Student: 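Have a look at this one before I ask anything.
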Protein chains: 2
Amino acid sequence: MTKPRGFVRKTKQRGAILRVLRNTDTHPTADWIYQEVRKEMPNVSLGTIYRNLKTLVEMGEVQELSYGSGHTRYDAKSHTHYHFVCDECGRIEDLDIPCMQDLNREVGKEVQGHVREHRLEFYGVCGECIAEQNRKTGSVS
Amino acid sequence: MTKPRGFVRKTKQRGAILRVLRNTDTHPTADWIYQEVRKEMPNVSLGTIYRNLKTLVEMGEVQELSYGSGHTRYDAKSHTHYHFVCDECGRIEDLDIPCMQDLNREVGKEVQGHVREHRLEFYGVCGECIAEQNRKTGSVS
DNA sequence: GTAAATGCAAAGAATTTGCTAGCCC
DNA sequence: GGGCTAGCAAATTCTTTGCATTTAC
C-alpha cells in the first residue's frame with residue numbers, strides 16, 4: 001500500500017529526525033522532535049519536520065500514533081514486517097508473511113552477539129509492471 | 001537492445017568497480033562504490049564511477065535497481081547469502097543460515113508479480129562490541 | 001598512433017528546505 | 001488558539017557533461 005515515490009533524497013534533516021526518533025523511548029510529538037533537531041541544526045524549520053515525518057511514514061520507517069486529538073505522536077520502532085520492492089516502478093509493498101523472530105536468536109548465537117532486529121526485502125517486478133511490459137511487447141521492443 | 005558501442009577497453013577503474021560490486025552482497029549506491037574504489041585508487045573520480053556503471057549496465061554485467069527510496073543501486077548478481085551488521089562498529093559478517101529460496105515463490109504469489117531475489121540482514125551488536133561495553137562498564141565511573 | 005577512458009570541475013535535473021502566511025479542528 | 005499545511009525562492013542532492021590529458025590496444 002505504500003505510495004510509489006519518484007525519488008527520495010537523503011538529507012541531513014531527515015537523518016537527524018530519524019536519529020532523534022530512534023534514540024528515544026517516548027513517542028514524541030512533532031514539536032518535541034523539532035526542539036531536539038534544533039539543538040544540532042538550529043536553522044531547521046517546523047515545516048521540514050512535518051514534511052519529513054510524513055515522508056518517513058510513507059516509507060514505513062516511522063509509525064504515526066494519533067492519540068485522539070491534540071498532538072500526533074511518532075514512533076520509529078515500526079514492528080518488523082517485510083517488503084517487496086519493484087525494480088521497475090520502485091513501489092514498495094508490505095508483505096503478509098509472518099515475522100521470523102526466532103531467526104534473531106539463531107543469528108545471535110552464530111555471531112555471539114545481540115541481534116536487535118532484521119530486515120527482509122524481496123526484489124522483483126510487480127504485477128502491474130509485468131502487465132505493462134506485456135502490453136508493450138505486443139508492439140515494439 | 002544493446003547500444004552500438006565502438007569498442008570497450010579494459011581499464012583498471014572498471015575492473016575495480018566490478019570487483020567491488022562482486023564482493024558485496026548489498027546493492028550499493030554509486031557513492032558507496034566510489035568510496036570503496038577510492039581506497040585502492042585515491043584519484044578515481046565520481047564521474048568515472050557513473051560512466052562505468054552505465055557501461056557495465058549496457059554490457060549486461062551489472063543490474064541497475066531503482067530502489068524506491070534513495071539513490072540508484074547496482075548489483076553484480078551474486079549468489080544470495082545473509083548478513084549481520086553491527087550497529088556499533090559497522091562490521092558486516094556473512095551468515096551461515098541456509099538461503100530460503102522458496103520464500104521467493106511465496107512472495108511472488110502474494111504480490112502477483114515476479115520475485116528475482118531477496119535480501120536478509122540482521123542488525124545488532126557483535127560479540128566484540130559487547131565485550132568492549134562490559135569492559136567499560138566494569139571499570140570507568 | 002588513435003580512439004576510448006579518466007580526472008576535474010562545473011552544469012543539470014529534481015527534490016528539499018526555510019520562511020511566512022494561512023488553514024482547520 | 002494551537003497544531004498543521006501551502007507556496008515559493010534558494011539550497012542540496014545526485015547525476016551527467018565538457019575538455020584537456022592518459023591509457024589501452
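Order of the sequence lines fixes the chain letters, A, B, ..., with proteins taken first and strands second; residue numbering starts at 1 for each chain. From a predicted model like this one, the values you see are computed outputs, not experimental measurements.
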Student: Could you check A/Lys12 against B/Arg9 and say which one's nearest nucleotide on DNA chain C is further toward the 5' end?
Tutor: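 Result of the comparison: B/Arg9.
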Student: In whole Å, I'd like the distance from the CG atom of B/Leu53 to the C1' atom of C/dA5.
Tutor: 14 Å
Student: With heavy atoms under 4.0 Å as the rule, sort A/Leu46 into base, sugar-phosphate or nothing.
Tutor: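 If one applies the 4.0 Å heavy-atom cut-off, A/Leu46 turns out to touch nothing in the nucleic acid.
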Student: Under 4.0 Å between a side-chain N/O of A/Arg51 and OP1 or OP2 of C/dT16, yes or no?
Tutor: no
Student: Would you say B/Lys10 reaches C/dA5's phosphate, i.e. side-chain N/O to OP1/OP2 under 4.0 Å?
Tutor: no
Student: Given D/dT15, D/dC19, C/dT17, identify the nucleotide with an atom nearest to the side chain of B/Tyr50.
Tutor: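 Between D/dT15, D/dC19, C/dT17, the one nearest the side chain of B/Tyr50 would be D/dT15.
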Student: When you measure from the side-chain N and O atoms of A/Thr72 to the phosphate of D/dG3, is any distance below 4.0 Å, counting only OP1 and OP2?
Tutor: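 So the side-chain polar atoms of A/Thr72 never come under 4.0 Å of the phosphate oxygens OP1 or OP2 of D/dG3.
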Student: Choose from C/dA4, C/dT17, D/dC4 the nucleotide whose nearest atom is closest to any side-chain atom of A/Ala30.
Tutor: D/dC4
Student: Give the nucleotide from the list C/dC19, C/dA3, D/dT13 with an atom nearest to the side chain of A/Ser45.
Tutor: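 Among C/dC19, C/dA3, D/dT13, the one nearest the side chain of A/Ser45 is C/dC19.
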Student: Looking at side-chain heavy atoms only, is the closest gap between B/Leu18 and B/Val62 below 4.5 Å?
Tutor: yes
Student: Drop me the distance from A/His83's NE2 to B/Arg119's CZ, to the nearest 0.5 angstrom.
Tutor: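 Nearest 0.5 Å value for the NE2-CZ distance: 13.0 Å.
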Student: Determine whether A/Tyr34 and A/Glu36 satisfy the following criterion, side chain to side chain donor-acceptor pair (under 3.5 Å), listing intermediate values before the conclusion.
Tutor: CA-CA 5 Å; A/Tyr34 176 46; A/Glu36 282 302 303; over 6 Å; no
Student: Check every atom of C/dT16, C/dG7, D/dT16 against the side chain of B/Lys54 and return the nucleotide holding the closest atom.
Tutor: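 Ranking C/dT16, C/dG7, D/dT16 by closest atom to the B/Lys54 side chain puts D/dT16 first.
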Student: Taking only side-chain N and O atoms of A/Gln13, does any of them lie within less than 4.0 angstrom of OP1 or OP2 on C/dG18?
Tutor: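 For C/dG18, OP1/OP2 do have a side-chain N/O of A/Gln13 under 4.0 Å.
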Student: May I ask you to verify if any side-chain N or O of B/Asn52 is less than 4.0 angstrom from the OP1 or OP2 atom of C/dT6?
Tutor: yes
Student: Answer with yes or no whether the side chains of B/His27 and B/Glu64 bring together a donor and an acceptor at under 3.5 Å.
Tutor: no
Student: If the cut-off is 4.0 Å, is A/Thr11 near the phosphate of C/dT17, judged by side-chain N/O to OP1 or OP2?
Tutor: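 A/Thr11 to C/dT17 OP1/OP2: side-chain N or O found under 4.0 Å.
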Student: Between the base of C/dA5 and the side chain of B/Arg14, is there any donor-acceptor pair under 3.5 Å?
Tutor: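 Counting by modelled atom types and ignoring angles, no donor-acceptor contact under 3.5 Å is found here.
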